[in-house]
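Accompanying notes for the structure given below.
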Amino acid sequence: MTKEEIIKPENLVYKKPTLMNDNPMHYCPGCSHGVVHKLIAEVIEEMGMENQTVGVSPVGCAVFAYNYLDIDWEEAAHGRAPAVATAIKRLWPNRLVFTYQGDGDLACIGTAETIHALNRGENITIIFINNAIYGMTGGQMAPTTLVGMKTATCPYGRDVTIHGYPLKMTEIAATLEGTAYVTRQSVHSVPAIRKAKKAIRKAFENSMNGKGSNLVEIVSTCNSGWKMTPVAANQWMEEHMFPFYPLGDLKDKE
Amino acid sequence: MAKIKGAVIVDKERCKGCNLCVVACPFNVLSLTAKEVNKKGYTFAQMAVEEACTGCASCATVCPDGCISVYKVKIQ
Ligand SMILES: Cc1ncc(C[n+]2csc(CCOP(=O)(O)OP(=O)(O)O)c2C)c(N)n1
Ligand code: SF4
Ligand code: SF4
Ligand code: SF4
Ligand SMILES: [Mg+2]
């Protein structure tokens with residue numbers, strides 16, 4: 001059977017999600033952000049919520065997320081996405097509302113907004129892209145940067161005597177009464193991507209069922225900031241990020 | 001016995017040559033172009049060993065830019 005005989009509409013088993021438009025994404029080659037965008041689009045499509053979803057995009061590399069997924073979006077000031085999402089969800093309870101935030105946005109400048117929105121049990125989902133660095137601004141140290149990890153602002157490696165310790169926001173979120181589902185996932189392999197998709201689905205459904213707030217951390221790569229190829233960045237993440245940021249559910253209030 | 005055959009189409013202009021699909025393919029079907037580049041200047045993924053593709057969609061699943069469409073047939 002030739003390639004031409006196989007490539008027919010009736011044999012199609014995978015394509016770019018319909019909600020992801022044809023605008024070329026500005027992300028660096030191999031960046032985890034794109035994979036997570038696809039999963040969000042697929043879950044919204046599978047839930048039939050294309051016309052009832054509002055995303056809140058951050059300041060960080062995902063600042064232009066609204067250019068790529070054809071749903072409604074609001075762009076928040078740096079770190080303030082959970083506050084903006086709170087307002088949208090309270091005014092429009094029948095909308096699926098989520099924020100999409102990097103670790104600099106969520107775990108640094110937006111720490112207060114994040115913790116309080118989660119603790120209030122707002123019926124939203126926070127998608128937290130943790131690549132342990134400020135990707136957008138050139139690879140500076142973030143609160144999530146690993147001990148010993150080199151960045152533009154800690155070129156000799158993060159030193160706890162000067163920079164303190166990496167912050168585990170997801171562990172903190174799991175202790176808050178308002179959270180329904182708190183999980184840490186990744187998108188470096190096909191099985192991991194499938195699990196991450198299920199987690200996003202569960203979080204989105206919880207938020208529509210009034211169960212409380214949901215946090216889905218995705219341990220991610222920033223191959224440009226880490227100064228590695230995309231393939232090497234995935235390996236580095238498995239070796240160095242996963243021991244400190246272990247994958248799995250931290251809290252699941254049934 | 002039924003046999004599964006697959007094929008992929010890579011949107012070559014959308015591809016950024018990140019190599020993640022090449023590494024993810026369990027059957028080493030894909031490779032990046034050696035010299036040829038797209039309009040953005042990236043080498044891009046293409047089917048190098050067409051007959052080995054099973055349409056498993058691993059390549060397309062890991063592609064951050066959604067460049068790959070996958071087709072699959074069962075031959076009775
Ligand atoms: C009020 C304010 N402070 C600082 C900045 C500079 N700034 C832009 S993005 C960013 C951090 C981005 O890191 P992260 O949230 O981890 O996103 P990534 O790019 O890694 O996905 C910072 C500090 C800004 N734009 N606005
Ligand atoms: S700088 Fe890092 S996070 Fe930003 S697009 Fe590039 S790889 Fe992705
Ligand atoms: S569909 Fe599967 S076998 Fe075919 S190229 Fe993609 S990963 Fe390889
Ligand atoms: S994963 Fe996507 S962007 Fe990367 S080389 Fe393959 S087709 Fe191109
Ligand atoms: Mg970051």
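All values below were derived from every heavy atom in this structure, side-chain atoms included, with hydrogens, water molecules and symmetry-related copies excluded. A note on names: the letters A, B, ... follow the listed sequences, proteins ahead of strands, and every chain is numbered from 1. Predicted model, so just to flag it, every value in this text is computed and none were measured.
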Examine whether an atom of [X] lies under 4.5 Å from a heavy atom of chain A, and if so say whether it belongs to the side chain, the backbone or both; otherwise answer neither.
| X | answer |
| --- | --- |
| B/V62 | both |
| B/K74 | neither |
| B/A60 | both |

Name the member of [options] that forms the most heavy-atom pairs with chain B at distances under 4.5 Å.
| options | answer |
| --- | --- |
| A/I7, A/T2, A/V36 | A/I7 |
| A/H188, A/K15, A/M25 | A/M25 |
| A/H33, A/K8, A/E5, A/H37 | A/K8 |

Contacting region of [X] [heavy-atom separation from chain B under 4.5 Å]:
| X | result |
| --- | --- |
| A/L12 | both |
| A/Y68 | neither |
| A/N223 | neither |
| A/V13 | both |

Quick test of your reading of the model: are A/K16 and B/D11 salt-bridged, counting only N-O distances below 4.0 Å?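 Result for this pair is no, no salt bridge flagged.
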Hey, are A/Q140 and A/T151 close enough side-chain-wise for a donor-acceptor pair under 3.5 Å?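 No, no side-chain donor-acceptor pair sits under 3.5 Å.
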Honestly, is A/K168 close enough over A/F244, meaning NZ or CZ under 6.0 Å from the six-membered ring centre and within 45° of the axis?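 Yes, A/K168 sits over the ring of A/F244.
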